[in-house]
Amino acid sequence: SPQKTALAITIANREREILKDIDYENGYSLYVGIPFCPSICLYCSFSSYPLKQWKDRVYLYLDALCKEIHAVAQIMNEKGKKLDTVYIGGGTPTTLEPDQLKILLDALIANFDCEHLAEFTIEAGRPDSITREKLQMIRNYPITRISVNPQTMNQETLDIIGRRHTVDETKQAFALARECGFDNINMDLIVGLPGEDCKMVEHTLDEVKALAPDSVTVHSLAVKRAARLNIFKDRYQEMTFENNQEIMDMTMRTACEMDMGPYYLYRQKNMKGNFENVGYAKVDKAGIYNILIMEEKQPIIALGAGGSSKLVFDHGKRIERVENVKDVTNYIERIDEMIERKRKGINTWL
């Protein structure tokens, strides 16, 4: 449609400006995966594990991850490649305790040049994982951007989808992040969640607008094969999943009211209403890593269980992946194999 064409052109122009100083040929980005969550959401298909069941393995996981960090940094430094962005995701990175976050961040700072990054993001995605001590620990490092992700501001929906936090906890976590000095905070929202109609989405947008984040990412629900919502679909067959043009227009209008413009867009299979995910951000607050991973112009080296590295060949004409195993126990036990896979892949690429 003319509207979608205009949106695509607007985003392309903004992406071009944001990425103008990124060196595709000599640079790369780093993804670091923490595969633990307070609970697993109904729609989630990521490699994530309930922290309660894996608490005694977290330090073992960090030992393996730090080994991979050290090895990959050596490889990339030997190749003379420049690190542009770092994204710590998951799972939920802030399920780690302050001393565990310190282990991870110390390893990254000691092995990679993180002082000249275009962006350093950590997902503090689940409000029930955020504490003052964790935020203060993160503030000791050159982190430039965090996410506090409500997904919805309707308590009944949070209860249905298995997010074990309240709307008030989201507000408190966001206020705490501001209090700790974070000036680039993203909030993820999902439209098309079970039982949510236009009025409920409007309520979420009003609540988020009152908090005044620096960017908002609007996801149109996509239920993948590995999600519990799909695996146990008979149990949820009476639920309604609504997304339509009115809702998407409302999200864009609210973003504009918050002085945000669209900066990246992507589509997935099985999206409710056949819509797309759109990132909105204020000036100079766009998520650079988000653009890079979707445009596939630059290599993304992914560390941790479930990490999928993207190696870019022939100026983006060909992409090859180097996969880490998803299972945490396998990752810990086979860390040397994961490192060797990367070494071979990177040597082929370079």
Side-chain angles (χ1 to χ4, degrees), residues 29-72 86-108 120-131 134 137-138 143 146-149 151 161-165 188 190 219 222 224-231 289-290 293 300-310 321-339 341-342:
S29 289
L30 193 69
Y31 176 86
V32 183
I34 303 299
F36 307 109
C37 273
S39 61
I40 307 304
C41 296
L42 198 60
Y43 52 78
C44 182
S45 61
F46 292 118
S47 301
S48 53
Y49 301 82
L51 181 67
K52 192 174 181 181
Q53 296 173 22
W54 290 84
K55 215 161 191 177
D56 60 343
R57 309 298 303 276
V58 173
Y59 284 104
L60 289 174
Y61 178 78
L62 287 174
D63 286 345
L65 181 56
C66 288
K67 188 173 184 179
E68 190 179 19
I69 287 169
H70 177 71
V72 169
V86 177
Y87 191 101
I88 304 177
T92 306
T94 43
T95 52
L96 298 180
E97 294 300 326
D99 67 305
Q100 295 167 341
L101 283 167
K102 186 176 190 305
I103 290 168
L104 171 61
L105 294 169
D106 280 347
L108 288 169
F120 194 152
T121 297
I122 185 166
E123 279 193 14
R126 293 283 288 267
D128 45 340
S129 72
I130 297 171
T131 66
K134 292 177 186 181
M137 177 60 69
I138 293 168
I143 312 292
I146 66 169
S147 285
V148 179
N149 299 334
Q151 314 300 24
I161 64 178
R163 286 178 77 87
R164 306 283 172 79
H165 64 84
D188 278 7
I190 299 179
H219 297 268
K224 297 183 180 180
R225 282 179 300 174
R228 284 191 300 138
L229 195 55
N230 197 39
I231 294 170
Y289 173 88
N290 289 339
I293 197 165
I300 308 284
I301 307 299
L303 312 181
S308 179
S309 298
K310 287 183 179 182
R321 294 177 181 270
V322 179
E323 308 276 358
N324 279 354
V325 292
K326 293 182 178 181
D327 179 75
V328 169
T329 300
N330 266 328
Y331 174 78
I332 293 168
E333 292 174 353
R334 296 166 60 188
I335 187 59
D336 291 333
E337 180 191 335
M338 299 303 101
I339 291 168
R341 283 185 190 182
K342 282 213 175 51

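Every heavy atom of this structure was used, including side-chain atoms; hydrogens, water molecules and symmetry mates were not.
With values rounded to the nearest 0.5 angstrom, L303 atom CG is found 8.0 Å from L108 atom CG. Atom CD1 in I34 sits 10.0 Å away from atom OG1 in T94 (nearest 0.5 Å). Separation of atoms SG (C66) and CG (L104) is listed at 6.5 Å; rounding is to 0.5 Å. Interatomic distance, CD1 of I301 versus OH of Y31, reported as 14.5 Å (0.5 Å rounding). With rounding to the nearest 0.5 Å, the separation of NE2 in H70 from CD1 in I339 is 9.0 Å. One finds the CE atom of M338 at 13.0 Å from the CG atom of L65 (value rounded to the nearest 0.5 Å).
Taking the six-membered ring for Trp, F120 and Y87 have ring centres at least 6.0 Å apart.
Across G90 and P93, no two heavy atoms sit closer than the pair N-CD, 4.3 Å. Closest heavy-atom contact between R164 and R126: N-NH2, 3.5 Å. The shortest heavy-atom contact between G33 and Y61 is O-OH, 2.6 Å. In plain terms, the two heavy atoms of D56 and Q53 that are nearest each other are OD1-O, 4.2 Å. Contact record, A302 with N324: O-ND2, 3.9 Å, taken as the closest heavy-atom pair.
N149 places no side-chain N or O within 3.5 Å of a backbone atom of Q151 that could act as its donor or acceptor partner.
By the salt bridge (Lys or Arg N to Asp or Glu O under 4.0 Å) test, E333 pairs with no residue at all, sequence neighbours left out. The salt bridge (Lys or Arg N to Asp or Glu O under 4.0 Å) search around D336 returns K67, not counting sequence neighbours. Scanning for salt bridge (Lys or Arg N to Asp or Glu O under 4.0 Å) contacts around E123 gives an empty result, with sequence neighbours left out.
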Chi angles and distances behind the side-chain hydrogen bond (donor to acceptor under 3.5 Å, both in side chains) call for R321, S308 = CA-CA 6 Å; R321 294 177 181 270; S308 179; 3.2 Å; yes
Walk me through it: do E68 and Y331 pass the test side chain to side chain contact (heavy atoms under 4.5 Å, CB included)?
-> CA-CA 10 Å; E68 190 179 19; Y331 174 78; 2.5 Å; yes
Go through I130 and V148 one step at a time and tell me if the side chain to side chain contact (heavy atoms under 4.5 Å, CB included) criterion holds.
-> CA-CA 9 Å; I130 297 171; V148 179; 4.1 Å; yes
Where do I88 and L105 land on the side chain to side chain contact (heavy atoms under 4.5 Å, CB included) test, with the steps shown first?
-> CA-CA 10 Å; I88 304 177; L105 294 169; 3.8 Å; yes
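A heavy-atom distance below 4.5 Å is found between the side chains of K134 and L101. Under the 4.5 Å side-chain criterion, counting only non-hydrogen atoms from C-beta, V328 is in contact with W54. The closest side-chain heavy-atom distance from Y59 to D99 is below 4.5 Å. Residues I293 and S29 have side chains not in contact (no heavy-atom distance under 4.5 Å, counting atoms from C-beta outward).
Salt bridge E323/R341: absent, no basic N to carboxylate O contact under 4.0 Å.
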